[in-house]
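Structure, as structure tokens:
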Amino acid sequence: ILTSLEKLEVAPPSPGQLRHVFFHNALPFVGFGFLDNAIMIAAGTQIELSIGVVLGISTMAGKYCQIQNGLFLFSCSSSLAGYVEALASRLGLSIPDLTPKQADMWQTRLSAHLGKAIGVTIGCILGMFPLLFFGDEEEKLEEKN
């Protein structure tokens, strides 16, 4: 026998609640994408310019070292994700007020996944700023060869 609470139909989240879910998931991923991309670009380029030049390895071997370094740095920046989320909550990013059934609805999950995907994309684009500073080193490296 169903209780009276189980018989009640739960209303789907409102558009305002879905926006809140979207931004609650997007903002920490902007910070994560930014840190991840900026660290990998800066460290990967320095590895290629230092180890690659010293050992005289090819560009392809240097790119392989960058990939291996990128995997290591990705694991390091993944550990920073918790700090980014803690900072977002300190800045006033509150948890959306949803019932457990509303949180499990497809609309809420879609909004959360879109927020994460768009957030990390924006963060990675913003995290490409180190590329603005690396043009001179590559030109100097080509002049040496």
Side-chain angles (χ1 to χ4, degrees), residues 1-53 55 57-142:
I1 298 176
L2 296 175
T3 64
S4 61
L5 290 176
E6 290 175 343
K7 291 180 185 177
L8 292 176
E9 190 70 30
V10 177
S14 69
Q17 287 175 314
L18 291 175
R19 265 192 309 279
H20 193 180
V21 168
F22 177 86
F23 285 113
H24 178 77
N25 285 284
L27 290 178
F29 274 84
V30 170
F32 170 72
F34 175 82
L35 289 172
D36 182 53
N37 213 17
I39 290 170
M40 281 207 280
I41 288 172
T45 302
Q46 289 307 314
I47 286 174
E48 183 181 359
L49 292 175
S50 60
I51 296 174
V53 171
L55 298 178
I57 58 177
S58 69
T59 303
M60 289 304 290
K63 293 297 177 190
Y64 177 76
C65 289
Q66 276 187 314
I67 291 169
Q68 296 303 315
N69 180 48
L71 294 174
F72 170 72
L73 289 173
F74 179 75
S75 66
C76 291
S77 62
S78 295
S79 64
L80 294 174
Y83 294 111
V84 171
E85 288 180 9
L87 177 64
S89 67
R90 270 195 225 136
L91 293 174
L93 187 64
S94 61
I95 297 172
D97 187 28
L98 299 171
T99 65
K101 286 189 178 186
Q102 284 179 321
D104 195 40
M105 290 183 173
W106 70 268
Q107 299 98 324
T108 309
R109 285 183 280 148
L110 178 66
S111 182
H113 290 309
L114 283 174
K116 292 172 185 176
I118 292 172
V120 79
T121 301
I122 291 171
C124 284
I125 290 169
L126 293 174
M128 288 193 295
F129 83 94
L131 294 174
L132 297 172
F133 304 106
F134 288 127
D136 296 337
E137 285 89 359
E138 291 178 7
E139 290 174 7
K140 290 177 186 175
L141 184 63
E142 288 176 7

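Because the structure is a prediction, the values reported are computed rather than measured.
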If you compare all heavy atoms of [X] against all heavy atoms of [Y], which two are closest, and at what distance to 0.1 Å?
X      : Y      : result
Pro13  : Thr108 : CG-OG1, 3.1 Å
Gly127 : Pro130 : O-CD, 3.1 Å
Arg109 : Ala103 : CG-O, 4.2 Å

**Prompt:** When you look at CZ of Arg19, are more than 12 heavy atoms from neighbouring residues, nucleotides or ligands closer to it than 6.0 Å?
**Reply:**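 12 or below, so no.
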Quick one: pull up [atom1] in [X] and [atom2] in [Y] and give me the separation to the nearest 0.5 Å.
X      : Y      : atom1 : atom2 : result
Ile118 : Phe22  : CD1   : CZ    : 4.0 Å
Lys116 : Ser111 : NZ    : OG    : 10.5 Å
Cys124 : Asn37  : SG    : CG    : 4.5 Å
Gln17  : Leu98  : CD    : CG    : 5.0 Å
Ile122 : Leu27  : CD1   : CG    : 9.0 Å

**Item:** Audit row: Val120, Val30, side-chain contact (heavy atoms from CB on, under 4.5 Å) steps and yes/no
**Value:** CA-CA 5 Å; Val120 79; Val30 170; over 6 Å; no
**Request:** Give a yes or no on whether the backbone of Ala11 and the side-chain of Gln102 come within a donor-acceptor separation of less than 3.5 Å.
**Result:**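 Indeed, once roles are kept as given, a pair shorter than 3.5 Å links the two residues.
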**Asked** Would a distance-only check, ignoring hydrogens and angles, find a side-chain to backbone donor-acceptor pair under 3.5 Å from Asp36 to Phe32?
**Response**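 Side chain of Asp36 to backbone of Phe32: no pair is present.
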**Asked** Mind checking whether Met105 and Val10 have side chains closer than 4.5 Å, heavy atoms only?
**Response**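 A side-chain contact exists here, since the closest heavy-atom pair is under 4.5 Å.
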**Prompt:** Side-chain contact, heavy-atom cut-off 4.5 Å: Phe34 with Ile125?
**Reply:**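 Not touching, per the 4.5 Å side-chain cut-off.
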